[in-house]
Amino acid sequence: MFKKILIANRGEIAVRMIRACHELGIKAVAIYSDVDRASLHVLKADEAHHIGAAAASESYLDIRKIIDVAKRTGAQAIHPGYGFLSENAKFAQTCAEAGVKFIGPNAAAMELMGSKTRARQQMEKAGVPCVPGTSRGLESFGQAERVAEEIGYPLMLKAAAGGGGKGMRLVRSREELKPALESAKSEALRAFGDSEVYVEKLIANPRHIEVQVLADEHGNVVHLGERECSIQRRHQKVLEEAPSPVVDEKMRQRMGEVAVHVSKAAGYTNAGTVEFLVDEARKFYFLEMNTRLQVEHPVTELVTGLDLVHLQIRIAAGEKLPFAQEDVHIRGYAIECRIYAEDPDNNYFPSPGKISLLLTPDGPGIRHDSGMYEGWTVPIDYDPLLAKLIGYGSDRAQAISRLRRALDEYLVGGIKTNISLFRRILGDQDFQAGNLGTEYLDRLLQTNQVSSGDQHADVAAIAAGIFATLDSASAASNGIAGESSAVGPGTSSAWKQAARIDGLRQ
Ligand code: MV4
């Protein structure tokens, strides 16, 4: 087993990985940029090394600097987390050449899955059901027109180097094809340096369901069931759950078998996720494979009882999977809320700044994976994900009720967060009934009614922040005082908490 691992990431996922290292008796080395000197992952690691300026290209994306720290500190392995270098085949290759184990798949599997067209070609050959479409880049407008007639409108144009919606265009008719193709190509070129675009048939109001796989370096592959990720905003996942409300045991088994087959056909190792689109008739189609640990991995951990980061590390150290497929059982229900520093009243615009008060929920069935602490300043330079609040229950209704209770205990003062969005989603009848297609969140966000309970919770959060930690001068300079003066007192528990904290201070 490794004695020391370098964590090539920041925020909540770096903290998650440092914890796993400590649980396994491994020392964790953190890296940090100028604006992350006081970040939680730096405080929790056994040693921390400054690697450069705030811009990710100068720090968390700088392959040479990161390998350099690994060599200098004697780290035997690097965990890339998600984002940053996690799906960069060149980084995996450079690690291998430097004699540092990359905790993730081999570079060849990463490269294959990095090209959606190459992946589709390989998976079609392996008999995997793919969304109908082309598996080669479009070469001319004439060819695009012919292919489009064959597949039929409406259709989707997608960037081969993409994933996550960049360079994706819906084309409803022949008239729309030319402008859509041109804008998809130029967006793909700008975002990925690669203008290759291909065609898929449109799957109407699909669900996004993904299957977690684990593959060791001895040819053993298992799946750990699915996650339902249909609640997205602008191709960003907002809330994920496991298991999916629409997947029954038979469908789980079939999707799982396909996911294992995909992994084997790609020569995949370590943890990965096979994404599917599921149509309204519950037919599923391979979409792409994510070659990293995902943000939403905790929901799978809660319903399987397994620790995915422990298993990633053990697989990377050459161990065999310690269990077989028939030992994997899905039990209970888990839902994750991604807590972002963004302003729900300003189109979910990022809202960095100093966290003046932090009250975090816990209690039965609650897990809080966080990269923040009270007094810490959220930098503007990176993804605004602050934390993940995950609820577990013996059934979906209990997971929902625990999460709703936890959200009422949750208080992040000094910055704006999207916590109120989850109060709305989890209180919504369609969500509670499991009716969540692609259009679900847009529909909910359009019905712009905020219940008075939500308003009081927001007001209480603001007031608690003021009473508990700020004097009137700093409250004014934070721009909070004006808002609080406009409203009267409420009765929610956060108000009482604020009063108690205020009492303690006097
Ligand atoms: C699609 C699609 C319909 N048909 N592909 C891919 C990336 C992901 N962020 C959204 N993607 C989609 N790909 C075909 N052929 C619809 C979506 C889609 C979506 C899918 C599931 C859940 C929410 C979604 C929101 C917007 C678009």
Side-chain angles (χ1 to χ4, degrees), residues 82-83 87 113-117 119-120 123-124 128-138 144 147-148 150-173 176-177 180-181 184 187-188 191-192 197-211 226-242 244-247 255 273-292 294-296 336 338 348 383 421 425 430-431 434-446:
Y82 54 70
E87 295 184 278
M113 292 303 176
S115 161
K116 308 305 151 198
T117 42
R120 280 175 61 95
M123 293 311 137
E124 273 175 350
V128 171
C130 298
V131 182
T134 60
S135 295
R136 298 200 182 276
L138 297 170
V147 167
E150 253 171 66
I151 293 168
Y153 296 95
L155 54 81
M156 289 289 231
L157 296 177
K158 293 190 177 185
K166 267 254 169 69
M168 191 168 108
R169 292 288 182 284
L170 167 63
V171 186
R172 289 187 203 82
S173 65
E176 290 183 0
L177 183 61
L181 183 62
E187 188 174 313
F192 313 112
V197 167
Y198 69 102
V199 181
E200 279 182 8
K201 181 177 136 70
L202 179 85
I203 307 294
N205 197 24
R207 288 183 178 241
H208 175 132
I209 298 179
E210 57 187 31
V211 176
E226 81 285 356
R227 296 184 285 260
E228 163 80 57
C229 305
S230 296
I231 300 191
Q232 306 185 359
R233 201 180 153 271
R234 297 186 178 169
H235 306 300
Q236 282 278 13
K237 292 169 189 166
V238 170
L239 177 148
E240 305 95 341
E241 42 186 312
S244 164
V246 294
V247 175
M255 289 181 93
T273 297
V274 181
E275 293 191 352
F276 296 97
L277 280 185
V278 180
D279 70 15
E280 287 174 316
R282 298 205 306 151
K283 233 178 116 154
F284 61 85
Y285 307 89
F286 170 75
L287 199 58
E288 56 189 75
M289 182 168 193
N290 298 323
T291 59
R292 60 172 190 277
Q294 293 200 234
V295 177
E296 59 271 26
E336 171 180 278
R338 295 193 185 192
Y348 294 89
D383 184 279
L421 173 63
I425 295 173
D430 274 333
F431 176 80
N435 299 330
L436 13 127
T438 316
E439 292 132 33
Y440 171 80
L441 192 55
D442 288 335
R443 203 171 59 230
L444 185 77
L445 289 172
Q446 269 157 25

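In each ligand, atom 1 is the first atom listed, and ligand 1 is the first ligand listed. Sequential numbering from 1 along the given sequence is applied to the chain's residues.
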Sequence neighbours excluded, which residues qualify as salt bridge (charged side-chain N to carboxylate O under 4.0 Å, His left out) partners of Asp430?
Arg443
Not counting sequence neighbours, which residues clear ring pair (Phe, Tyr, Trp, His ring centres under 6.0 Å) with Phe276? List them please.
Phe284
The salt bridge (charged side-chain N to carboxylate O under 4.0 Å, His left out) partners of Glu187 (sequence neighbours excluded) come to Arg169
Roughly how far apart are Lys116 NZ and Glu200 CD, rounded to 0.5 Å?
11.0 Å
Closest non-hydrogen atom pair between Met123 and Cys130, with its separation
CB-SG, 4.1 Å
Show the distances, to 0.1 Å, for all pairs joining an N/O atom of ligand 1 and a protein N/O atom that are shorter than 3.5 Å, listing one pair per line.
{"residue": "ligand 1", "atom": "4 (N)", "partner": "Ile203", "partner atom": "N", "Å": "3.0"}
{"residue": "ligand 1", "atom": "5 (N)", "partner": "Lys158", "partner atom": "NZ", "Å": "2.8"}
{"residue": "ligand 1", "atom": "9 (N)", "partner": "Gln232", "partner atom": "OE1", "Å": "3.2"}
{"residue": "ligand 1", "atom": "9 (N)", "partner": "His235", "partner atom": "ND1", "Å": "3.1"}
{"residue": "ligand 1", "atom": "13 (N)", "partner": "Lys158", "partner atom": "NZ", "Å": "3.1"}
{"residue": "ligand 1", "atom": "15 (N)", "partner": "Glu200", "partner atom": "OE1", "Å": "3.0"}
{"residue": "ligand 1", "atom": "15 (N)", "partner": "Lys201", "partner atom": "O", "Å": "2.8"}

Does Arg233 CZ have over 12 foreign heavy atoms under 6.0 Å away?
yes
